[in-house]
2 protein chains.
Amino acid sequence: MTLSEEDYIKAIYHLGKGENTTVSTNALAEQMHTKPSSVTDMIKKLSEKGVANYKPYKGVSLSEYGEKIALSLVRKHRLWEVFLVDKLDFSWDEVHEVAEQLEHIKSEKLVDQLDKHLGYPDVDPHGDPIPSKKGEFKKAIKKLLIEVPIGTSGVCVGVKDSSAPFLKFLDKNKIALGDTIAVVDKEEFDGSLYIQIKQKEIHISNQIASNLYLKITA
Amino acid sequence: MTLSEEDYIKAIYHLGKGENTTVSTNALAEQMHTKPSSVTDMIKKLSEKGVANYKPYKGVSLSEYGEKIALSLVRKHRLWEVFLVDKLDFSWDEVHEVAEQLEHIKSEKLVDQLDKHLGYPDVDPHGDPIPSKKGEFKKAIKKLLIEVPIGTSGVCVGVKDSSAPFLKFLDKNKIALGDTIAVVDKEEFDGSLYIQIKQKEIHISNQIASNLYLKITA
DNA sequence: ACAAATATTTAGTTTTGTCTAAAAATTAAT
DNA sequence: ATTAATTTTTAGACAAAACTAAATATTTGT
């Protein structure tokens, strides 16, 4: 697979959300920052190669083989993201562009050893699950912290209320996007939560927990 | 710079040994596993871009700018080699192909952080020096172990005598290509050497030391 | 110095991935 | 249901990087 082919495969995968959903030529063109006519050419080629199923005017979807390739790319992308954050001190919002390049490096041993070096992580710095070597993996869902059951853990990926006071509160309590949070217990009385974050356990109000999004892999 | 341009720059650099030596079209074609006519096209382009100095029929050399690019590529290549060996348990003879891909990844922060992560190494697993960020670096020379002065350290890169008995001896004494060896002392009487290898000090005969090549950065 | 051998360049194609403009198919609207 | 709007495809071109074959330069040998 060439660089460009791999990029198309990933785009089809992401737009189709993994299933054999069919993706439109225009959507793909927008995602790839290219023109629909270029997309038509490429999906014809991918189809001939057995990577995609393409019916003129009816959109394109990945074949089983194509999905395997997509999952391998996603695996590599996310492993490299973990590497960049855990080993090279990148912040979670700096990694994407570099991982986008690194995911195309071809070496099975490299990926296997990288996985081992990182301690076989199962989610990337954005809380998205890392497919196994065989391509198995869980789906991630985004939920408000308040909505998840006790025992759940996930990555903090966003805020509902982005007002200055709330952000200031988070900062003061050292809660940042990208942090892994586990719900330890709930207080029946006021709906407040005991959460584990960066090895420490803290107590946050129901209101706080209602404004933090967690990405969890179900 | 495109992938291909970067590969040509590296090839010109390596054939020209860094100086502003002029490299012939044919030599470059052989190195790049391509045809002379393709080389002519490319060196014209590199010349127009200010990367190389090209006079028809007179060969090509790197401009100062081109040499800077070459050194940056060599730096990245060698840092990745260290990474593969030190962190991912690759053996010294497996790293080249993968490093050849990794050296093209574009991210200044990535290289800086990788350097730091590896503890600012100054040679790669083959004993070749790693250029600094500014492009400064020492030359490596290959010498017989017996020829280097006391105190010198380098990487074991080859044998002069490749007979089975000698190789068996090396194996028994856990001396392998890629090992770092330091000359601790010499015995005046018989010219034998005390060397440090893998944290241990061992004593080897003059004859052994006369058949081991060391790469040292002078 | 001149012919032969070698090295290099030019000219014309090919492939990959892109583009624009025009044509055709599909979908939406009255 | 027929026209209008949108989407998609086709046709023809282009740039990058390679190739083959032919034409020039240069170097070598006598």
**Asked** Which part of the nucleic acid, if any, lies within reach of A:Pro56 when heavy atoms closer than 4.0 Å are counted: base, sugar-phosphate only, or nothing?
**Response** sugar-phosphate
**Request:** Between D:dT9, C:dT27, C:dA7, spot the one nearest the side chain of A:Tyr54, thanks.
**Result:** D:dT9
**Prompt:** Does B:His104 have any ring pair (Phe, Tyr, Trp, His ring centres under 6.0 Å) partners at least two apart in sequence or in another chain, and if so, which?
**Reply:** none
**Prompt:** Just to confirm, is there a sub-4.0 Å distance from OP1 or OP2 of D:dT6 to any side-chain nitrogen or oxygen of A:Asn26?
**Reply:** no
**Item:** Whole angstrom value for the distance that separates C1' of C:dT9 from CG of B:Leu28
**Value:** 15 Å
Distances under 3.5 Å only, N/O to N/O: pair up the protein atoms with those of nucleotides 18-23 of chain C.
{"from": "C:dT18", "atom 1": "OP1", "to": "A:Ser4", "atom 2": "OG", "distance (Å)": "3.4"}
{"from": "C:dT18", "atom 1": "OP2", "to": "A:Tyr8", "atom 2": "OH", "distance (Å)": "3.3"}
{"from": "C:dC19", "atom 1": "OP2", "to": "A:Thr34", "atom 2": "OG1", "distance (Å)": "2.5"}
{"from": "C:dC19", "atom 1": "OP2", "to": "A:Lys35", "atom 2": "N", "distance (Å)": "3.1"}
{"from": "C:dC19", "atom 1": "OP2", "to": "A:Ser38", "atom 2": "OG", "distance (Å)": "2.8"}
{"from": "C:dT20", "atom 1": "O4", "to": "A:Ser37", "atom 2": "OG", "distance (Å)": "3.0"}

**Asked** Does any pair with a residue in residues 142-161 of chain A pass side-chain hydrogen bond (donor to acceptor under 3.5 Å, both in side chains), and if so which ones, sequence neighbours excluded?
**Response** A:Asp161-A:Ser163
**Prompt:** Roughly how many Å is it from CG in A:Leu46 to P in C:dT16, rounded to a whole number?
**Reply:** 12 Å
**Request:** Output yes when at least one side-chain N/O atom of B:Lys58 is less than 4.0 Å from OP1 or OP2 of C:dT8, else no.
**Result:** no
**Prompt:** So what does B:Thr40 touch, heavy atoms closer than 4.0 Å: a base, only the sugar-phosphate, or nothing?
**Reply:** base
**Asked** Rounded to the Å, how far apart are B:Glu48 CD and D:dA15 P?
**Response** 13 Å
**Item:** Residues in salt bridge (Lys or Arg N to Asp or Glu O under 4.0 Å) contact with B:Asp179, at least two apart in sequence or another chain
**Value:** B:Lys198
**Asked** Less than 4.0 Å between a side-chain N and a carboxylate O, is that true for A:Glu103 and A:Arg78?
**Response** no
**Request:** Rounded to the nearest angstrom, tell me the gap between atom CD in B:Glu30 and atom P in D:dA18.
**Result:** 16 Å
**Prompt:** Which residues satisfy the salt bridge (Lys or Arg N to Asp or Glu O under 4.0 Å) test with B:Asp112, sequence neighbours excluded?
**Reply:** B:Lys133
**Asked** Who passes salt bridge (Lys or Arg N to Asp or Glu O under 4.0 Å) against A:Lys106, sequence neighbours left out?
**Response** A:Glu6
